[in-house]
Amino acid sequence: MKTECLEWLEQLPSPDGVLASEQLIGRESLRNLGLPKKYSEAWRLTNLKRIEKILKLPLAQSNQYENSIDKNQWPEIPKDGVRIILNNETNYKTNLPNGIRFLSNDDIKETINLSHQSIDETNDWGVSVNKACNNKLLALKVDGLEEQSLEILIPSQKETLNPSRILLVLGKKAKLKLLQVIIGEGKSSNNNLIQIHLDEGSELNHGLICFGKNDSSLFTQACIKQNIDSKYELNAIQHGWSISRFEPRVFQQNGKAKTKLNGLQISSEKQQLATHSLVNFNGPEGELEQLQKSIAADQSHCIFNGAVKVPKEAQKTNASQLSRNLLISKAARIDTKPELEIVADDVKCAHGATISQLQEEELFYLRSRGIDSNQAATLLLKGYCQEIINNLPVAAERWQILNQIIENLNK
Amino acid sequence: MTGQNTVDKLVSKPYKYGFVTDIETEKIDKGINEDVIKLISRKKDEPEFLLEFRLRAYKQWLKMKEPNWADLKYPKINYQDIIYYAAPKKSEKKASLDDVDPKLLETFDKLGIPLSEQKRLSNVAVDAVFDSVSIATTYKEKLAEHGVVFCSISEAVVDYPELIKRYLGSVVPISDNYFAALNSAVFSDGSFVYIPKGINCPMELSSYFRINSGDTGQFERTLIIAEERSSVSYLEGCTAPMFDTNTLHAAVVELIALDDASIKYSTVQNWYAGNEEGVGGIYNFVTKRGHCRGKRSKISWSQVETGSAITWKYPSCILQGEKSVGEFYSVALTNNLQKADTGTKMIHIGAQTRSTIVSKGISAGKSSNSYRGLVQIGPQATGARNYSQCDSMLIGDQASANTYPYIRSQQPQSNVEHEASTCRISEDQLFYLQSRGINFEEAISMMVSGFCQDVFNQLPMEFAAEADKLLALKLEGSVG
Amino acid sequence: MLKSETKLILEVCDLHANVEDQPILNGVNLQVYAGEIHAIMGRNGSGKSTLSKVIAGHPAYKITGGTIKFEDNNLLDLDPEERARLGVFLGFQYPIEIPGVSNLEFLRVSTNARREYEKKEELDTFEFEDFVQEKLKIVKMDPAFLNRSVNEGFSGGEKKRNEILQMALLEPKLAILDETDSGLDIDALRVVAAGVNKLATPNTATILITHYQRLLNEITPNYVHVMANGKILKTAGKELALQLEKSGYDWIEQISSNKEENQ
Ligand SMILES: Nc1ncnc2c1ncn2[C@@H]1O[C@H](COP(=O)(O)OP(=O)(O)O)[C@@H](O)[C@H]1O
Ligand SMILES: [Mg+2]
């Protein structure tokens, strides 16, 4: 297993660009980690065969850039909106709105150094792969009091492994609505690392739509550092990947911040979708509201692992986590595992998990009003998804994801 | 009086059961190897098949690795530094209670478990296990009238070899885990219960385990078989003297319930937990599992875990029979430097199986208390249902409470529901009780016992009150 | 009233039903003609809600004997949605909350399903908005409720109004209202009662399940039935409700158990 990883490392181009030092770090840790192993708790349920396949794909090259997906399928950008497409051009010639600017190389280095404290790549395969092979960075800073909005689109590249990285800094009291869309098609793999720093009093509404197709796979790591009085809301949707693993980690550095994590994963066919979240409270009076939903159809598999850590410093933390799962096929499977670790006595922490079929009482209520059982089930599934989808930034509407989900589920 | 003041005045009461009985003991040499196993088997006059069972387990054990749980850090155990068999001399034959060494009877008197005819509990039959052997079983004759067998497992091996052959290791296979393999190789004694068809056992059965020798490991083995339409309630209690070394306790308990049978298994575990600095105490690594083989069978575990330096224990149910029911009710209290990692596994195999889990963890001092559970709904378990509730209470800001409830489902026609919360004793509640004239200490223990009520309700009457008192005692001095 | 001249809408014959192998209904007989209002009373647990859910086709109940005819249809052969489209409406005692499902969409889909059966043209989103606005007035409901999830976070009274709104939209032939009056304040009760009266026609029928005379003051029943142990014990005119209000259920159960002993 280790050798395959080494072979892969050997064929990588030599470190280059603003991320050169990161590439060295990533490669070093991958040399130690090798491929993920079945017996490690974090990978126990993962289909490792599909992970191995990812490293067999050649790395996307900047000179031969070709999207897997027909551009015409992308919804139009609204008149006053801004879309940045993260492809292999190193320059993103976009007119940024006032209040958002590109970070200078010096800023980038400083921010990345700062974040070393919060990302532990020595233990983190997905992040290590990203660091090892990525030279594509979009680094943005948002300032001012006006609410900004932005769409970042990350398409897959044909038959390649396509890494990308986003660095996003929100200054004091800055506000941003971010819609991040990752789409995959064909035999391709995306690996996206997004680092977010939220300064005091800043607010980020982060929508993440991850839609795959066919044999595409995805690794997404989101590392969020929150300073006091900041608000972070994430609504993440995963659907359609052969294998997808989403790992949001939130660090409330000094507590007293608000975090809201909503997740929805809908798997069908033989897909395996996973969310491994971690919320770490490093100071008092932090708040977390987490709702993770899954729907598993056909022969698919949904996994949720949600860790919440409340150390001694984090008195008066108020955290709740709920994992709700729908198993709608006999051959599908759901695994869910909340993990709460608490060492502070004056905290409120609650979590819950349910796995079931669509509720019979709800179906009956709809049917008793004349709605046939298929339509009733569709309505309920839609409603189930809508609870999360409704919270996405408005820009998400144009992507019409709900219709696609329902279409795929009804196949 | 401020809270802090009160705390300073409250000093943890010494472990009540920490005395050592001064009795001549026969011990074999330290260490484990095939000869030791043969020696144990010979001392017990065991049939050949059991020696083979032990040797097979030993070979398996040699191949296995000690589990390495993240939450349970403890110094490495030297398995060659443990004595695997210790028995009071003269104890080997015990035709009647009169032959039992009076010192032993006195010991059990002191522990609150009188064995002699005049003093024994009126509706509870007791099997008393001292170090590696069972020294007496009360009410044997009365139970025999109903066809109920209640004896030490050593006796059962000789008297009921067919049952032992059929069921020993059938629920917990020898290769199940490291400690189960070790137990299977060297188990010394324990209780055996057999309830014939259609019989509701006329009295509570209970085993009392006493570790007396400091350097001896205890490896007891319990096997309970409930035939069709029978029922039994069984309780085990445990204590040990205070030693400043750690003693290993690795028990295996197997329960088998056939059609319409029900087994209720309750534990009040109060092994010595070590002192405030965490010196000494029992390592309690136990494998308990029940197999609901029959239709509509039921296995219910209730446990109050207050002792041991380290507890590692997951009483589980394999719900195979259609409509069978599994239950787990647990209170685990840790104080000082104790560590407890406990929970349950409910494996739903059969259709319309149901399970309920209620776990209450209380962590005080610098202790760590984890709930680790697995609810698994297999592809055939149509209509299966599980409800779990895991609450933790933290007392002081040094203690930790962890919850790891694992859920897996492969059956859409099923329902799994898990709820968990963390709370602490609120100042308002304390104040309310105190303003009604209830003292601080009492108020705390009232609230803790209220927190645990759902579980206490499941314990046999006689022991519920005791468990309550035990908690209050354990908590003294821990609240601030 | 001359029954032979009016149309028989619902006929329940010797109906037996179980839930989880437990018999709940033990031989219910009931005939409801067009234009009639029936009240069913009885202690908690006597089987009133079960009867109404069995008529609506709830899958949790197993029919172990008897028949239910609705006009010319054998109801027991039909799915719940088919019964609804024929014009059977159940106002639930405990309307369920369905998070995420938009109330407006739900109402539109169900209204159109019923209209399709009635061979009325389908209403598009705009037409439906108008249609709903009109019906909202009947139940004096705030249009804001349309944009919420089905019953989610509604108060008890709001849920009941939402039930009556559905009844107004679906225009059923037979409405069964299971304790629609419970938990309502006086004003809300009047609104609901006025709604029911307004929707009642000579061609439709209503079954009210209730504990209170105060509803029957607003809606006058032709018949009052008393249920106990999964059976209808006694049937009489509206005066029976007054008598029950005064003396409780004991005396009826007494009489009927005496009767059974004598037989
Ligand atoms: N789904 C069900 N599961 C189990 N028992 C039920 C169910 N529905 C009804 N029952 C039982 O049937 C009896 C009648 O209930 P119900 O019809 O609700 O009475 P009522 O509406 O007259 O108060 C009660 O004893 C109730 O507990
Ligand atoms: Mg009712």
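These numbers were taken from a predicted model, which means no experiment stands behind them. Below, chain A is the first sequence line, B the second, and so on; all start at residue 1.
Contact annotation for A:Ala332: only backbone heavy atoms (N, CA, C, O) come within less than 4.5 Å of a heavy atom of chain B. Within the 4.5 angstrom heavy-atom criterion, atoms from both the backbone and the side chain of B:Gln398 approach chain A. Looking at A:Ser323, neither its backbone nor its side chain comes within 4.5 Å of chain B, counting heavy atoms on both sides. For chain B, the nearby part of A:Leu45 is the side chain; its heavy atoms alone come within less than 4.5 Å. With a threshold of 4.5 angstrom between heavy atoms, B:Ser409 approaches chain A through its backbone and through its side chain. Only the side chain of A:Glu41 comes within contact range of chain B, with heavy atoms under 4.5 Å apart. Heavy-atom distances place no part of A:Glu360 under 4.5 Å from chain B, backbone and side chain included.
The ring-ring contact (aromatic ring centres under 6.0 Å, His included) check on A:Phe304 picks up nothing, with sequence neighbours excluded. For B:Gln410, there are no side-chain hydrogen bond (donor to acceptor under 3.5 Å, both in side chains) partners two or more places apart in sequence or in a different chain.
Options B:Ser400, B:Ala420, B:Cys390, B:Pro379 differ in how many heavy-atom pairs under 4.5 Å they form with chain A, and the most are formed by B:Ala420. Of the listed residues A:Ala319, A:Ala350, A:Ser320, A:Pro338, the one with more heavy-atom pairs under 4.5 angstrom with chain B than any other is A:Pro338. Most heavy-atom pairs under 4.5 Å with chain B: of the set A:Leu358, A:Val308, A:Ile355, this distinction falls to A:Ile355. Between chain A and the residues B:Asn386, B:Asn415, B:Asp397, B:Asp391, the largest count of heavy-atom pairs under 4.5 Å involves B:Asp397. In terms of heavy-atom pairs under 4.5 angstrom with chain B, the leader among A:Ala353, A:Ser356, A:Pro311 is A:Ala353.
Between A:Asp345 and A:Lys312 there is no salt bridge, since no side-chain nitrogen of the basic residue lies less than 4.0 Å from a carboxylate oxygen of the acidic one.
Below 30°, between 30° and 60°, or above 60°: for A:His351 and B:His418 the angle between ring planes is between 30° and 60°, a tilted geometry. Using cut-offs of 30° and 60° on the angle between ring planes, the pair A:Trp125 and A:Trp43 is perpendicular.
Between A:Thr317 atom OG1 and A:Lys348 atom NZ the span is 11.5 Å, to the nearest 0.5 Å.
Of all heavy-atom pairs between B:Asn177 and B:Met64, the closest is C-CE, 3.4 Å.
Residues A:Asp335 and A:His301 have side chains that bring a donor and an acceptor to within less than 3.5 angstrom of each other.
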